[in-house]
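One structure below.
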There are 2 protein chains.
Amino acid sequence: MERKGKANLEDIAKVTGVSKMTVSRVLRGGQGFSDETRDRVIAAADRMGYVPNRLAAAFNSVQASTLVGICVPRLTSGLFGHVLDGVDRALTRLGYQVMIGCNNHQPREEEAWLRQVVSWRPAGVILSGRSHTPGAVELLHNAGMPVVEIWDLTTSPIDMSVGFSHYDCGVEVGQFLVRKGRRRAGYVGASSRADVMGQARMEGFSAALVLAGYPLVDREVLLDSPGFYAGYYGLETLLARRPDLDVVYFHNDEMAIGGLAYCQQRGIRVPEDLGIVGWGGMEAASVLPRRLTTTVVPTTLIGKQAAEALVARLKGEPVQDVTVIATRLVPGETG
Amino acid sequence: MERKGKANLEDIAKVTGVSKMTVSRVLRGGQGFSDETRDRVIAAADRMGYVPNRLAAAFNSVQASTLVGICVPRLTSGLFGHVLDGVDRALTRLGYQVMIGCNNHQPREEEAWLRQVVSWRPAGVILSGRSHTPGAVELLHNAGMPVVEIWDLTTSPIDMSVGFSHYDCGVEVGQFLVRKGRRRAGYVGASSRADVMGQARMEGFSAALVLAGYPLVDREVLLDSPGFYAGYYGLETLLARRPDLDVVYFHNDEMAIGGLAYCQQRGIRVPEDLGIVGWGGMEAASVLPRRLTTTVVPTTLIGKQAAEALVARLKGEPVQDVTVIATRLVPGETG
DNA sequence: CTTGGCTACGTTACCGGTAAACTGCCTTAG
DNA sequence: CTAAGGCAGTTTACCGGTAACGTAGCCAAG
């Protein structure tokens, strides 16, 4: 009868001669039973390899489950890996389970994931970006659970937002480069279809340049994943069109490193002939022979803050709707 | 009454004038009802924003849930990011939800995660590595669900294994370097406490060198996370002790790139003065000015295969217990 | 001696969905 | 004319845990 690992509360109750309610109370560390009963119950549960059934617990009670969903644009990005890590550490410590999803920068995939996740009645969800389908927004409103939008700051979040402004990142880089005397700037990007955030950085960059009187000379946006190769070939293409550029802002660090590799190959001196600026703050970028000029994003912190905001809301503690995370433009030896 | 998004089967049944069983069958695409009934039910469900409750569904039935757990050593590793991506893509397509966990290379943390996850009665789990606590193994045996151990191949898996031999990776590199004329090899590693896999590569490497008659001269294993800095400073320390080394095998590509950076800084010519070999197959490594000699691991494929093996077992299809994934030693310009 | 309060439990009802068994009604074969 | 069978549903029971409420026994205060 004491088949290992298949026992439920009732089985334990029978073996110990108490009711299953008492077993439930003991195992959840409640009160209203003698020490002797507690020890007997715990011993039996242990002996029988009892594994609680959270499905039943979460299903029964109106109180929220301990499931939290998180959807990121890509799982293979170093940056989002750190965000996930921050979220996972914070939530695991507090006894939550994390359900991941990946939307490939597509709101429609996010909605599809959301429909799946909501059917598990999670305690809350963390989404990245602020572009959501109307269906997703409606679903979230109806679900009535905490929602944290991360990465791309929204001043009017669905519920809460933790992140920074990509536009401002671009502006800061634009102003910085003009101050450093750059006059003919280019941009190399790559968008897996609908990456609005890289787009925002470029727009901020461009706007700052216009304001300073030295508008963006040219840009090359590849329809490719924003990696090393895209940076390498993107710069090649851009320079073929406009060899007179004196600085290039890249979609991210991986691409900038690709650009650096191209320069090294062609004997283009960095930063004398051409400035190279990335974005993101990859660990790699800071140890390369030439330290890359880039914007460092505190990724783990964003994940941690998002998780903590979500849990605070669940506990009914006061939380601010919008948490701004400061990024840092770190001048290196390339820009 | 038709509060959006809070409706359950019964509510829809009342509105459409059928029983909730019929609603259930319609929404799951079964049969045994007229087209007219189906349309009415679907229309009502849509109108009322019905969100199925998988908690109830999974709870009720003995049939497995659509939850799959996956535990990786680290979320911030580029390699595991790709593994997660492979798993996620394959499982999402098949209608499963993924629950992630991270054990920081510690079996005890894996067991803690496992206890949480098993309480959600998942359809199966994917674990990385083959070191598990006795408690975890017992739990898995009792749970009686498919288990796939990935990354580090086991010939006697708990259930199934998809991966490759780290030891063999090391052997292959050792043999390769001896063939290329290297005679005084060193190793630079980093272990966040209990990384047995890096250890296995080093042992294979060392064994191959011994067999060839040119045993490993020295090694430097830092108690640090295996990143760029650890590679940089690890090589510095190692060369301070043994300046006569003619090649160094690194724990992974990040560290090897750190080592390359150190060489560049110190004017050490690569590969003339010193060979540098990495492991893993980071995208970065193939575009650097000097293409890194490394072992490429088909990460996404491992994730995909693991997911597919798990699902095949769930469907009762025949699956081989051990799937060997071939890694590829790619000679670059540094080794 | 009664009342009230406390401790240490036990009982009941319910969460939302689904498998399995059952029920009319209509059609068709023998 | 009856039996058999299919269609389009309905009814019932149950999964495992928990909230809410109930109760027996004991002790102390009034």
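Side chains included, hydrogens not; waters and symmetry mates left out as well; all remaining heavy atoms used. Quick note on labels: first sequence line is chain A, next is B, and so on, each numbered from 1.
By the 4.5 Å heavy-atom criterion applied to side chains, A:Val148 and A:Ser161 are not counted as neighbours.
Below the 3.5 angstrom threshold, one finds no donor paired with an acceptor across the side chain of A:Asn53 and the base of D:dG16. At a cut-off of 3.5 angstrom, the base of D:dG16 holds no donor-acceptor pair with the side chain of A:Asn8. Contact of A:Arg25 with C:dG10 (side chain to base): a donor-acceptor pair of N or O atoms is detected under 3.5 Å. For A:Lys20 and D:dG16, a side-chain-to-base donor-acceptor distance below 3.5 Å is absent, hydrogens and geometry of angles not being considered.
Note: CZ (A:Phe33) to C1' (D:dA24) measures 19 Å, nearest angstrom. For the pair B:Met21 CE and D:dG9 C1', the interatomic distance rounds to 11 Å; values are reported in whole Å. Between the P atom of D:dC15 and the CZ atom of B:Phe59 lies a distance of 8 Å, rounded to the nearest Å. Spacing between atom CH2 of B:Trp120 and atom C1' of D:dC15 amounts to 16 Å, rounded to whole angstrom units. Between the CE atom of A:Met48 and the P atom of D:dG16 there is a distance of 13 Å, rounded to whole Å. One atom, CZ of B:Arg28, and another, P of C:dG17, lie 10 Å apart when rounded to the nearest Å. Following rounding to the nearest Å, B:Leu9 (CG) and D:dT10 (C1') show an atom-to-atom distance of 15 Å. Across the protein-nucleic acid pair, A:Glu10 atom CD and C:dG10 atom P stand 12 Å apart, rounded to whole Å.
Contact between the side-chain N/O atoms of B:Tyr50 and the OP1/OP2 oxygens of C:dG17 is found at a separation under 4.0 Å. Between A:Ser24 and the phosphate of D:dT18, there is a side-chain N or O to OP1/OP2 separation shorter than 4.0 Å. Listed pair A:Ser34 / C:dC9 meets the phosphate criterion, a side-chain N or O lying under 4.0 Å from OP1 or OP2. Note on A:Thr37: a side-chain N or O is less than 4.0 Å away from OP1 or OP2 of C:dC9.
A:Asp39 places no side-chain N or O within donor-acceptor distance of the main-chain N or O of A:Glu36, the cut-off being under 3.5 Å.
Counting all heavy atoms, side chain and backbone alike, B:Ser128 lies closest to B:Val72 at OG-CA, 3.2 Å. Between A:Ala44 and A:Thr16 the shortest heavy-atom distance is CB-CG2, 3.6 Å.
Heavy atoms from other residues, nucleotides or ligands lying under 6.0 Å from CD of A:Glu317 number more than 12.
Positionally, the nearest nucleotide of DNA chain C for A:Ser19 lies more toward the 5' end than for the other of B:Ala56 and A:Ser19.
B:Thr22 comes within contact range of at least one nucleobase, with a heavy-atom separation under 4.0 Å.
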